[in-house]
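Note sheet for the following structure.
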Protein chains: 2
Amino acid sequence: MANLKLTTDETKAWMGLIKAQQHLTGKVEEKLKKNGLPPYSWYDVLLELDKAPEGSLRLNELGKKVLLNKYNVTRLIDRLEKEGLASRNACPVDGRGKVACITGKGRMLRQKMWPVYYNVIKEHFLSQFNAGQLGQFIECIDRINSQFKN
Amino acid sequence: MANLKLTTDETKAWMGLIKAQQHLTGKVEEKLKKNGLPPYSWYDVLLELDKAPEGSLRLNELGKKVLLNKYNVTRLIDRLEKEGLASRNACPVDGRGKVACITGKGRMLRQKMWPVYYNVIKEHFLSQFNAGQLGQFIECIDRINSQFKN
DNA sequence: CCTTATTAGCTGCATATGCAACTATAATAA
DNA sequence: TTATTATAGTTGCATATGCAGCTAATAAGG
């Protein structure tokens with residue numbers, strides 16, 4: 001139990017990060033909605049499935065990748081399944097497990113969402129950096145994320 | 001409609017930011033919960049009220065500060081009011097308006113939440129930077145946030 | 001082998017959030 | 001002034017999320 005105070009810079013850095021993220025994800029959700037598309041969380045899992053071999057992943061692995069706890073993975077896959085964007089199948093090697101698999105329709109939806117998402121990234125994030133500055137930013141962010149690796 | 005591709009670095013920067021934020025806010029919520037304390041959103045508005053002159057703010061101003069839309073401000077203040085952490089009063093200068101005011105109990109709760117929050121910031125964020133690196137990070141973050149000022 | 005502990009996933013209930021519609025007041029325009 | 005439009009805040013209903021408890025299957029320990 002020490003000082004319990006942050007310097008001005010420390011506060012600026014932390015609050016800046018929080019606010020930047022709120023603004024940026026807000027923009028993403030706003031633009032997706034405006035285009036009649038589902039929320040970012042759907043994109044996130046569709047992308048992970050799309051990238052995965054066979055377009056399929058165990059639910060627990062999926063949860064780790066998109067940082068969702070198990071009951072939220074269950075329910076998100078419920079919704080995707082209901083919309084025909086993914087299917088859920090028994091896992092061949094583990095009797096407890098389930099495997100989510102992206103459908104053709106799911107891959108198409110992801111492709112339709114991408115340009116909208118891309119534009120936000122470009123316009124509200126990348127536009128603020130030149131190549132060197134981007135490198136600097138990556139260094140900083142990697143520093144934070146290194147502690148969470150695995 | 002242009003290229004629609006991100007370079008490796010661009011992807012690393014963007015995804016890194018998203019993941020960093022998810023990890024960090026996840027930690028904050030986790031630690032608050034573990035200590036039997038309310039979620040971060042409560043802290044956020046209690047802090048804004050605490051900082052404000054008279055400990056009070058119009059609901060719409062509060063909403064802008066904490067980046068919540070109006071119905072969520074209404075309901076968050078509902079909850080704070082129910083717990084005796086804030087009160088809601090008519091606005092003297094605008095018949096439509098309401099003013100939220102933090103109570104003594106509210107100020108005390110914020111003080112109790114702060115060490116928990118502080119520790120996450122210190123341990124999972126500041127610990128990754130020295131002074132120079134922190135300065136660099138602020139530069140980057142300010143670049144992003146400058147577009148959202150006001 | 002049998003017992004116990006752990007893990008994967010699902011579900012009921014409570015709470016939180018988003019959306020659209022609504023009331024009341026204020027600001028603007030005619 | 002009156003009519004129109006915009007803003008502040010609330011609410012009903014639908015959806016999403018968190019929590020705790022549950023089943024079924026695997027893993028670990030005796």
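Every value quoted in this text rests on a predicted model; they were computed, and no experiment measured them. Per chain, numbering begins at 1; letters A, B, ... match sequence-line order.
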Test your reading of the model: is there a side-chain donor-acceptor pair from B:H124 to the backbone of B:V120, 3.5 Å cut-off? no
Please state how far atom CG in A:N69 lies from atom C1' in D:dG21, giving the value in whole angstrom units. 15 Å
Given D:dT10, D:dA6, C:dA16, the nucleotide with the shortest approach to the side chain of B:L59: D:dT10
Between B:G97 and A:V93, which is nearer to the 5' end of DNA chain D once each is assigned its nearest nucleotide? B:G97
Should the pair A:D78-A:R88 be classified as a salt bridge under the 4.0 Å nitrogen-to-oxygen rule? yes
Sidechain N-carboxylate O distance under 4.0 Å for B:K33, B:E29: no
Take the protein atom CG of B:D44 and the nucleotide atom P of C:dA16, then report the distance between them rounded to whole Å. 16 Å
Could you tell me how far apart B:N72 (CG) and C:dG18 (P) are, to the nearest whole angstrom? 5 Å
Rounded to whole Å, how long is the line connecting atom CZ of B:R75 with atom P of C:dC19? 12 Å
Counting side-chain heavy atoms from C-beta on, which of D:dT10, D:dA20, D:dA8 comes nearest to A:Y71? D:dA20
Taking only N and O in the side chain of A:R58, is any of them less than 4.0 Å away from OP1 or OP2 of C:dT7? no
Taken to the nearest whole Å, NZ/B:K33 to C1'/C:dA16 is 12 Å
Roughly how far, to the nearest 0.5 Å, is the CD atom of B:Q133 from the CD1 atom of B:I138? 12.5 Å
Taking CG from A:N60 and P from D:dA27, how many angstroms apart are they, rounded to a whole number? 13 Å
Tell me: CZ of B:R96 to C1' of D:dA8, nearest whole Å? 6 Å
Check ion pair A:E61-A:K64 (N to O, under 4.0 angstrom): no
Is any side-chain N or O of A:K70 closer than 4.0 Å to OP1 or OP2 of D:dG18? no
B:T74, nearest nucleotide to its side chain (from C:dG18, D:dG9, D:dA16): D:dG9
Given atom CG of B:L32 and atom P of D:dC19, what is their separation to the nearest angstrom? 12 Å
